[in-house]
Amino acid sequence: MRSSLRVAKIFGIDIYVHWSLFIILVFLSGYFYVSSKPFGFADLSEIERVFFSFFASLFVFFAVLLHELAHSLVAMKYGVVVRGIMLFIFGGVAMMEEIPKNPRQELSISLAGPAASFLIAFISFLLSNATSGGVSTFFLISAYFNTVVAIFNLIPAFPMDGGRVLRSFLARRMSYVSATRISANVGKAIAVIMGIFGFFFNIWLLLIALFVYLGATEEEKIVTMENILSRFKVGDIMTPNVLYVTPDMTVGEIIDLMFKHKHLGYPVVENGRLVGIVTLNDIMNVERSRRVSEVMSRNVLTITPRQSAFEAFKIMSEKNIGRLPVVEDDKLVGIITRSDLMRLKEILEIIEVSEWKRSS
Ligand SMILES: [Zn+2]
């Protein structure tokens, strides 16, 4: 997460701020500065104007943070690991390790965010009525903004919270995968309508539509992968008898191996034990005479043959790596690559479609 900055830790959750947030902070402050009541502070004295404009735009993201914290706290109650909350140009996202497939739990996690936003809106509305001047306008903006956030998130489409609500309702009547597919398609349809509307009236809406479309596609992809890959164990699809290298081999020898076998990465084994991995990236621009032990990566992520293929997929996607050595009792027994998983997915999709055609 190089493009973002860790700014705080709340309830054990790391809070990250993405650089794109600063664009919107500047934009919002400017907007509040030039607008008059009830959506800005143009009618105040110069110093108040600057102070409230900045503070109100900052508070917008604080409210988004509270929304995401509400999701996270309920999720943690169900034992979900929350890796962090990221605030960025379109709002916030809580990065959760695995959202429960129990429809009721998913429902309460999803509704917690909009509920928090509605609560902040309600309190802000009361405070706005109880105060006057800039403070009153500040709370009115908060009331308005948080109501919009709550309602927008209840749109029944991925990746909004409402998409999860829809899925948890559908999942009571059908499989989780079908429920996801329907919610994702609703999401895409809404994104297209939003995009067309945005194209003519509001460029901002067009950007949000794009974000919604990509989010819906992504969610569908992950669930499809999970459905297919969790049926297999790593041991069933790995390449056994994997070609390995030793730490005392030279970079030149590795390059020759790559030309010969066309694999771009090799496990490094010493006395039967896996000690590292060497990939094309490690040996690029390195002299041919250097040893493998000098250039290999030592902290190798591994997987066991008994883990599911989906777990392998998740590790590779999260860490952005192309291959995982398969290890059992400290011994290298095989290797599994991202392209193995993709090929498996393609084959199964074709087989399933043809079986479906035959049976219909
Ligand atoms: Zn939410």
Side-chain angles (χ1 to χ4, degrees), residues 4 7-8 10-18 20-21 24 28 59-124 142-171 179-180 183-184 186-188 190-191 194 204-205 207-220 222-223:
S4 59
V7 290
I10 307 173
F11 300 117
I13 305 167
D14 287 321
I15 314 294
Y16 297 92
V17 167
H18 189 260
S20 61
L21 186 79
I24 198 73
L28 267 182
F59 187 77
V60 159
F61 280 95
F62 184 65
V64 171
L65 176 61
L66 293 178
H67 174 110
E68 297 303 332
L69 270 177
H71 283 307
S72 306
L73 291 179
V74 176
M76 283 158 80
K77 205 184 83 186
Y78 294 126
V80 177
V81 176
V82 181
R83 273 189 288 132
I85 291 175
M86 164 87 82
L87 298 174
F88 67 118
I89 192 160
F90 293 122
V93 59
M95 296 170 284
M96 299 182 192
E97 211 115 87
E98 202 145 353
I99 295 165
K101 297 221 170 41
N102 175 332
R104 180 164 287 161
Q105 293 185 356
E106 182 173 35
L107 183 67
S108 24
I109 295 172
S110 310
L111 287 179
S117 298
F118 270 130
L119 184 68
I120 303 168
F122 181 68
I123 294 170
S124 301
S142 166
Y144 176 79
F145 173 77
N146 281 290
T147 307
V148 170
V149 166
I151 291 174
F152 180 77
N153 269 295
L154 287 174
I155 295 174
F158 273 123
M160 271 84 72
D161 301 327
R164 295 185 189 286
V165 174
L166 177 64
R167 172 165 70 187
S168 67
F169 278 119
L170 293 174
T180 302
S183 312
V186 174
K188 287 184 203 168
I190 289 178
M194 217 153 84
W204 197 236
L205 206 58
L207 284 174
I208 293 176
L210 193 69
F211 172 68
V212 169
Y213 193 91
L214 293 177
T217 313
E218 189 59 22
E219 182 76 27
E220 191 184 5
I222 291 172
V223 172

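For ligands, and for the atoms within them, numbers begin at 1 and follow the listed sequence.
Annotation: side-chain hydrogen bond (donor to acceptor under 3.5 Å, both in side chains) contacts of Ser168 (sequence neighbours excluded): none. Listed by chain and residue number, nothing satisfies the ring-ring contact (aromatic ring centres under 6.0 Å, His included) test with Phe169 (two or more places apart in sequence, or in another chain).
Pairs of residues two or more places apart, or lying in two chains, that qualify as side-chain hydrogen bond (donor to acceptor under 3.5 Å, both in side chains) and include a residue from residues 107-121 are His67-Ser117, Tyr78-Ser108.
Taking 2.8 Å as the limit, the number of protein N, O or S atoms around the Zn ion (ligand 1) is 4.
In this structure, the separation between NE2 on His71 and CG on Asp161 is 3.5 Å, given to the nearest 0.5 Å.
With a 6.0 Å radius and a threshold of 12 heavy atoms from other residues, nucleotides or ligands, Phe59 has its CZ atom above the threshold.
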Evaluate side-chain contact (heavy atoms from CB on, under 4.5 Å) for Ile85 paired with Asp14, printing each intermediate quantity in order. CA-CA 6 Å; Ile85 291 175; Asp14 287 321; over 6 Å; no

